[in-house]
K.L.:
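Here it is, the structure, as structure tokens.
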Amino acid sequence: MSEKNKPKNATSDKIEQLENYSVDYTDKPLTTRQGLKVNDTNNSLKAGVRGATLLEDFLLREKIHSFDHERIPERIVHARGSAAHGYFELTKSIEKYSKAGIFTDTSRKTPVFVRFSTVAGSKGSTDLARDVRGFAVKFYTQEGTWDLVGNNMPIFFIQDAMKFPDLIHSVKPEPNNEIPQAASAHDTFYDFVSRATETLHNHIWVMSDRGIPRSYRMMEGFGIHTFRLINAKGEAHYVKFHWKPKLGVHSVTWDEAVKISGADSDFHRRDLWDAIESGNYPEWELGIQVVAEADEHKFDFDLLDPTKLIPEEMVPVEIIGRMVLNKNPENFFAETEQVAFLPGNIVPGIDFTNDPLLQGRLFSYRDTQLSRLGSPNFHQIPINRPVTDVHVNQRDGHMQMDVPKGQTAYFPNALSGGCPYLSKVAEGGFESYQERIDAKKIRGRSESFSDHFSQPALFYRSLVDWEKEHVIAAYSFELGKCNHEEIKSRMLYIIAQIDTDLAEKVADNIGMKVPNDIERPMNQSIGADAVVEDHQPGEKKMYLEKSPVLSQSNTKFDTISTRQIAVLVADGFHMKSFEAMQKALEKEQAVIKLVAPHGGKVTCDEGMEHKVDAAISTTESVLFDAIYVPGGEKSIGKLKEQSKFIKFLNEAFSHCKAIAVDGEGEELLDASAIKDYKEDKALFINAEPKSFIKAISNHRNWERRKVAQKIPV
Ligand code: HDD
């Protein structure tokens with residue numbers, strides 16, 4: 001990393017604390033774990049050079065023993081992920097709602113550690129699976145650690161934690177043959193979804209472009225549940241948390257996702273790492289939707305139902321702060337793998353609600369860390385340590401790292417002067433919000449949770465045409481991969497309850513008919529005899545035809561920062577046109593990569609050598625956002641000799657990306673299938689860089705999508 005890009009503000013209380021645990025091996029001798037200097041780590045101790053290995057060999061035993069135990073169980077969900085350090089800064093105090101220091105003190109920079117993930121795949125699976133993305137934020141606040149463990153979608157699949165194992169068992173690889181990896185397109189998932197219609201809202205989000213993000217840096221994040229904010233007077237407000245990315249919300253197409261999975265299955269991981277290393281720090285705004293306690297019942301849905309969002313048109317999102325990620329972890333295992341998020345980690349000023357999904361999560365996360373990290377002392381692992389002091393009466397257990405002093409480990413005590421002592425609420429002691437509850441003990445679901453269809457329908461209605469086409473294609477792909485006719489038919493019937501046109505188009509694509517009815521009982525999400533009709537929307541109090549913020553067509557299109565531009569060159573490329581384009585793109589913080597017929601260097605027409613970033617044999621167009629081809633007779637002649645350069649152009653065009661060519665670069669276009677579409681508005685021939693830049697910031701030219709289908713790729 002260049003000095004210029006070294007994070008200047010990447011230090012924080014947390015980073016300083018972590019540095020106390022970091023170990024630097026530079027200029028140090030190799031030792032055993034006991035600190036003994038080693039003089040041979042290549043040969044085991046033997047009886048003669050060809051002899052048997054001796055049991056005495058403590059060096060061999062230590063090395064192999066440690067290696068044998070290097071792996072810990074991967075997370076049961078969200079196993080595949082990447083993380084980074086950064087900070088959160090409050091831009092607007094919300095003292096009237098919350099007494100939390102993090103929400104009242106605008107002078108603080110609170111250290112954070114954020115982990116993004118997919119849900120279903122194993123630790124080594126592709127980043128580009130169609131899936132929900134985890135968005136987990138650990139705030140190391142001065143009052144203790146607060147974890148906001150959210151996703152990139154504002155709702156969840158199920159309403160009650162009791163169903164979580166069923167949901168996950170249905171989406172994970174099927175138990176008999178462990179197929180398919182990191183994919184929801186299989187029978188068990190649709191068997192479940194078609195019978196548990198509460199899943200449909202989150203499901204349609206996954207079928208939309210939100211399920212295949214362009215980058216972790218281009219996703220929204222959501223706390224999902226309704227939480228509570230508590231102010232200094234003890235008054236409560238309901239709140240939903242939103243993360244809004246500075247770069248806008250952008251996605252790739254399914255065809256790209258499939259190909260990226262082969263070309264670079266670490267695509268999102270690499271993208272996050274590279275952006276931070278190059279000093280282009282990912283950034284999000286934190287927003288809140290606040291609802292007064294008195295308004296709890298004014299909505300058509302229940303605020304405690306995690307399968308519902310509050311449309312932003314009804315309760316606007318108020319921006320109160322920003323989060324910047326400015327430092328990559330030093331060690332993946334020590335930090336990203338061992339970080340333990342717990343929705344139960346909160347601080348005074350924030351509290352839970354009775355959302356039955358949240359309530360179950362409060363148990364599950366602490367519990368899972370025991371099997372994953374192996375000890376109740378997991379909070380002592382450096383990445384999990386709070387930046388506040390910890391004084392507890394819990395003791396012992398595997399891997400106790402602290403050495404607690406004194407004679408007592410209980411409360412109350414006199415022998416230690418009553419220490420550690422209790423804190424009054426006014427001194428920062430946590431007090432649970434005193435909610436009045438007067439109810440029968442019951443195993444059941446509230447009637448106010450019963451509408452399963454109006455919000456998925458609102459989501460679909462709010463999408464523009466190209467987004468709807470992607471949703472239709474996604475359902476068609478997923479159901480097309482299922483084998484059981486009965487499951488597909490059931491799904492078509494269910495989708496028709498969301499939108500009949502959607503269901504009919506999917507049915508056409510998979511060569512089936514939408515059934516008028518299906519076998520009963522059919523909905524087992526609540527009771528064995530529940531039917532779809534029970535989950536149709538009732539009469540609406542606040543009916544929204546559309547919620548425009550749900551469409552990615554209304555996101556930000558104002559930057560090309562960190563967009564990857566492939567420049568196709570060979571020896572003899574025209575330096576002048578390249579230089580002008582390079583300057584203009586780099587001024588906007590785009591990343592230029594030279595793609596050439598071979599690795600090493602290429603020489604431009606002015607005789608200068610330029611480092612090649614990727615030989616054509618090692619890369620694919622799907623790894624880039626746009627393509628530029630500078631002129632130069634000799635260069636273009638060479639590029640035309642390799643069909644992969646033509647494929648590169650065709651493919652980028654078919655994915656609706658911006659393409660610019662200068663001078664003889666047009667001959668490469670003429671050799672491709674693009675030659676018939678030169679009027680395209682994101683195709684530039686000898687044009688000013690300005691218009692190319694604008695087209696890249698628009699992400700894609702979706703108007704091209706009909707002709708794009710005709711391009712052979
Ligand atoms: Fe969960 C991990 C997000 C419901 C049980 N969950 C996990 C992670 C994220 C979420 C982002 C990864 C954290 C990390 O990076 O280490 N989970 C959610 C959201 C939910 C949700 C947004 C609903 C709104 N989860 C949920 C339920 C249960 C769990 C209902 C169980 C009853 N989740 C887990 C878990 C995991 C987990 C098994 C696996 C690894 C871990 O916790 O630390 O306990």
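Not measured: the values here are computed from a predicted model. In this chain, residues are counted from 1 in sequence order. For ligands, and for the atoms within them, numbers begin at 1 and follow the listed sequence. Both backbone and side-chain heavy atoms feed into the values below; hydrogens, waters and symmetry mates do not.
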K.L.:
Output yes when Glu198 and Lys163 qualify as a salt bridge under the 4.0 Å nitrogen-oxygen rule, no when they do not.
P.N.:
no
K.L.:
Can you name the closest pair of heavy atoms from Arg210 and Asn152 and give their distance?
P.N.:
O-ND2, 3.2 Å
K.L.:
For atom 15 (O) of ligand 1, what's the nearest protein heavy atom and its distance?
P.N.:
Arg115 NH1, 2.7 Å
K.L.:
With Trp146, which of Tyr140, Phe88, Phe227, Phe103 fulfils ring-ring contact (aromatic ring centres under 6.0 Å, His included)?
P.N.:
Phe103
K.L.:
Are any of the N/O atoms in Arg75 less than 3.5 Å from those in ligand 1?
P.N.:
yes
K.L.:
Looking only at protein heavy atoms, which one is nearest to atom 11 (C) of ligand 1, and what is the separation?
P.N.:
Gly150 O, 3.3 Å
K.L.:
Looking at residues at least two apart in the chain, or sitting in another chain, which of them share a side-chain contact (heavy atoms from CB on, under 4.5 Å) with Ser375?
P.N.:
Asn377, His398
K.L.:
Could an N or O of ligand 1 be found under 3.5 Å from any N or O of Thr368, whether backbone or side chain?
P.N.:
no
K.L.:
For atom CD of Glu70, decide whether the heavy atoms of other residues, nucleotides or ligands shown that lie under 6.0 angstrom number more than 12.
P.N.:
yes
K.L.:
Can you find a non-hydrogen atom of Ala340 under 4.0 Å from ligand 1?
P.N.:
no
K.L.:
Enumerate the atoms of ligand 1 whose separation from the nearest heavy atom of Phe341 is less than 4.0 angstrom.
P.N.:
13 (C), 14 (C), 15 (O), 16 (O)
K.L.:
Between Tyr216 and His268, what is the ring plane arrangement, given parallel below 30°, perpendicular above 60°, and tilted in between?
P.N.:
tilted
K.L.:
So which heavy atom in the protein is nearest atom 38 (C) of ligand 1, and how far is it from that ligand atom?
P.N.:
Ile76 CG2, 3.3 Å
K.L.:
How would you list all residue pairs meeting salt bridge (Lys or Arg N to Asp or Glu O under 4.0 Å) that involve residues 173-191, not counting sequence neighbours?
P.N.:
Asp191-Arg195
K.L.:
Who are the salt bridge (Lys or Arg N to Asp or Glu O under 4.0 Å) partners of Lys246, not counting sequence neighbours?
P.N.:
Glu283
K.L.:
Listing by chain and number, which protein N, O or S atoms are under 2.8 Å from atom 1 (Fe) of ligand 1?
P.N.:
Tyr365 OH
K.L.:
In the protein, what heavy atom is nearest to atom 43 (O) of ligand 1, and what distance, to one decimal place, separates them?
P.N.:
Gln369 NE2, 2.8 Å
K.L.:
As a quick check of understanding, evaluate side chain to side chain donor-acceptor pair (under 3.5 Å) for Thr307 and Gln455, giving each step before the final call.
P.N.:
CA-CA 9 Å; Thr307 67; Gln455 287 214 350; over 6 Å; no
K.L.:
Please report which non-hydrogen protein atom sits nearest to atom 24 (C) of ligand 1, along with the residue it belongs to and the distance in Å to one decimal place.
P.N.:
His225 NE2, 3.4 Å
K.L.:
Please determine if Lys327 and Glu330 form a salt bridge, counting it only when a charged side-chain N lies under 4.0 Å from a carboxylate O.
P.N.:
yes
K.L.:
Counting heavy atoms not belonging to Arg366, are there more than 12 under 6.0 Å from its CZ?
P.N.:
no
K.L.:
Considering heavy atoms of the protein only, find what lies nearest to atom 30 (C) of ligand 1 and give residue, atom and distance to 0.1 Å.
P.N.:
Leu357 CD1, 3.4 Å
